2 protein chains.
Amino acid sequence: MTRETAPEQTGPTLRQKIVLAAAELLEEAGLEAVSTRAVAARAGVPTPSIFRIFGDKDGLLEEVAEHGFGRYLAAKAELLTGDDPVRVLREVWDLHIRFGVEHPAYYTLVYGQVRPGHMPQAGRRAVADLRGALVRVAAAGRLRMSVDLATEVMHSAGVGTILALTALPEDARDLRTADTVREMVVDTLTLPPPPDGAAAPGITVASSATTLAAALGRDGTSALTPGELTLLTEWLDRLADPTTTAG
Amino acid sequence: MTRETAPEQTGPTLRQKIVLAAAELLEEAGLEAVSTRAVAARAGVPTPSIFRIFGDKDGLLEEVAEHGFGRYLAAKAELLTGDDPVRVLREVWDLHIRFGVEHPAYYTLVYGQVRPGHMPQAGRRAVADLRGALVRVAAAGRLRMSVDLATEVMHSAGVGTILALTALPEDARDLRTADTVREMVVDTLTLPPPPDGAAAPGITVASSATTLAAALGRDGTSALTPGELTLLTEWLDRLADPTTTAG
DNA sequence: GTTGATCCGGTATCGACGGTATCACCGATA
DNA sequence: TATCGGTGATACCGTCGATACCGGATCAAC
């Protein structure tokens, strides 16, 4: 497989060497062991190289987070191709929980160092993927509320479940919590499948508004002006989330 | 109010002066502004005093967290005296959300700096109070699951909701998320009230045994073997009918 | 009144941290 | 051959958490 005489013998980039060294330190000894000096020593490069490449330490940690989330986000993207969107939702939840429990260092790096108004790129990508899964639920007419609200609710519950689990002593963690919260979330966000090809009594104002919004987002329309579309979208959001009342 | 000639003119303790200085710095400029030097300068004490009193910086932050959680925990304790435990549950949730949104510095200090297996004292006290509220729900016969599991579920959802909200840019925060999650949690954890005052004079061993037997007969379970289930049913019958005594 | 223990103010200092400045070198490009 | 961007290497800056050490103030016990 490896050609000794290959003309392209460059090997890992300097970036990659540094990110990998930082990732190893993070996994082996936790976040507080990741100092710029320790990373540089492990990567075999002088300390200033880190700042030349990543700007500052936060820039390095951003890329370390991307590195750690890579396999997780790829697996999640693969799940999204499933055909039953509610089933996919459960699989996304379980994948999320498993990743958080098995890689607490990466997870707490992204979601466990909360500063007001800030979230790493990897975290935003994960939320965007979750939103994609919920758009598909909405398109199937099985979402009870707006996609945005559902995304926030499911993301909040997922992050909280893992962080609360991680903060517990290792011998006190009860994985049933994750299962209970998953069913709670799925039951709250989704509608039961229509009983058959027939009339589908699960249709409500909220669910049909959500379905229409998803369809408009997916296919667009030329029947309305942009201004009309903006207003309609706002109305659909209000119809989708019944807790909102007209002012 | 202040008596000039008061014999007890001690004023605030050294501890209190330092904790207060650190708390002010935390609220005004965030966690990263709380350095031991800055705290010492603001409190008007030499730096080593901090370490003499609190051991290390974490010891100081522990007491700062206690200070910041003080009013919140006191208000929560007052709520717990309410008579409708499910209503109390909602009030506890709202109080929790309000505290997290209004005091993100204290909240993220306690719940937003996740290290595996670690939680500040103030956080553990808050969880214990939540558990107390759920014990009262269970005592009223309106809890669907064990107190421990319910505590974990509600705590996870609450922490996740506030942390996810805090991590959002300030203009993108949607407080409806908290309301949706609250109703989701309450619906999942609690049972509806008994249909009328007539049928529910009070929860007793007999009545709850009857309730459980009825539920088992209606829904079945896969948590017990058929043999275990047979034995349990017999015990429930004995508990439900006090005229029968054990041989 | 003297002694001793304890607490507190004050200074200096330590090692490690994030980050920067500066220079030499080396390979590609023109 | 001259130039220029990327890299290695060293020294350095200010700040951090934490400690050592000294001197003075207080208070109880003898």
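Because the structure is predicted, anything quoted here is derived from the model rather than measured. Order of the sequence lines sets the chain letters (A, B, ...), proteins ahead of strands, with each chain counted from 1.
- Between the C1' atom of D:dC16 and the CG atom of B:L31 lies a distance of 14 Å, rounded to the nearest Å.
- Side-chain nitrogen and oxygen atoms of B:T47 include none within less than 4.0 Å of the OP1 or OP2 phosphate oxygen of D:dA18.
- For C:dC17, one of the phosphate oxygens OP1 or OP2 lies less than 4.0 angstrom from a side-chain nitrogen or oxygen of A:S35.
- Proximity note for A:F51 (side chain, C-beta onward) versus C:dG18, D:dG8, D:dT19: the nearest is C:dG18.
- The side chain of A:P48 lies closest to D:dA9 when the candidates are C:dT11, C:dG18, D:dA9.
- Between B:F69 and B:Y111, the ring planes lie tilted relative to each other; the angle falls in the 30° to 60° range.
- Residues A:H103 and A:Y107 keep their aromatic ring centres 6.0 Å or farther apart.
- Ranked by how close their nearest DNA chain C nucleotide is to the 5' end, A:R37 and A:R52 are led by A:R37.
- Rounded to an integer number of Å, the gap from A:E32 CD to D:dG17 P is 15 Å.
- Heavy-atom nearest nucleotides on DNA chain D were determined for A:V45 and for B:K57, and the one closer to the 5' end corresponds to A:V45.
- Panel note: side chain B:R144, backbone B:T190; a donor-acceptor pair is recorded below 3.5 Å.
- A:I50 comes within 4.0 angstrom of no nucleic acid atom, judged by non-hydrogen atoms across all strands.
- A salt bridge does not link B:D179 with B:R176: none of the charged nitrogens is closer than 4.0 Å to a carboxylate oxygen.
- Taking atom CG on A:D56 and atom C1' on C:dC17, their separation rounds to 14 Å, with Å as the unit.
- If you measure from atom CG of A:L14 to atom P of D:dA9, you get 12 Å, rounded to the nearest angstrom.
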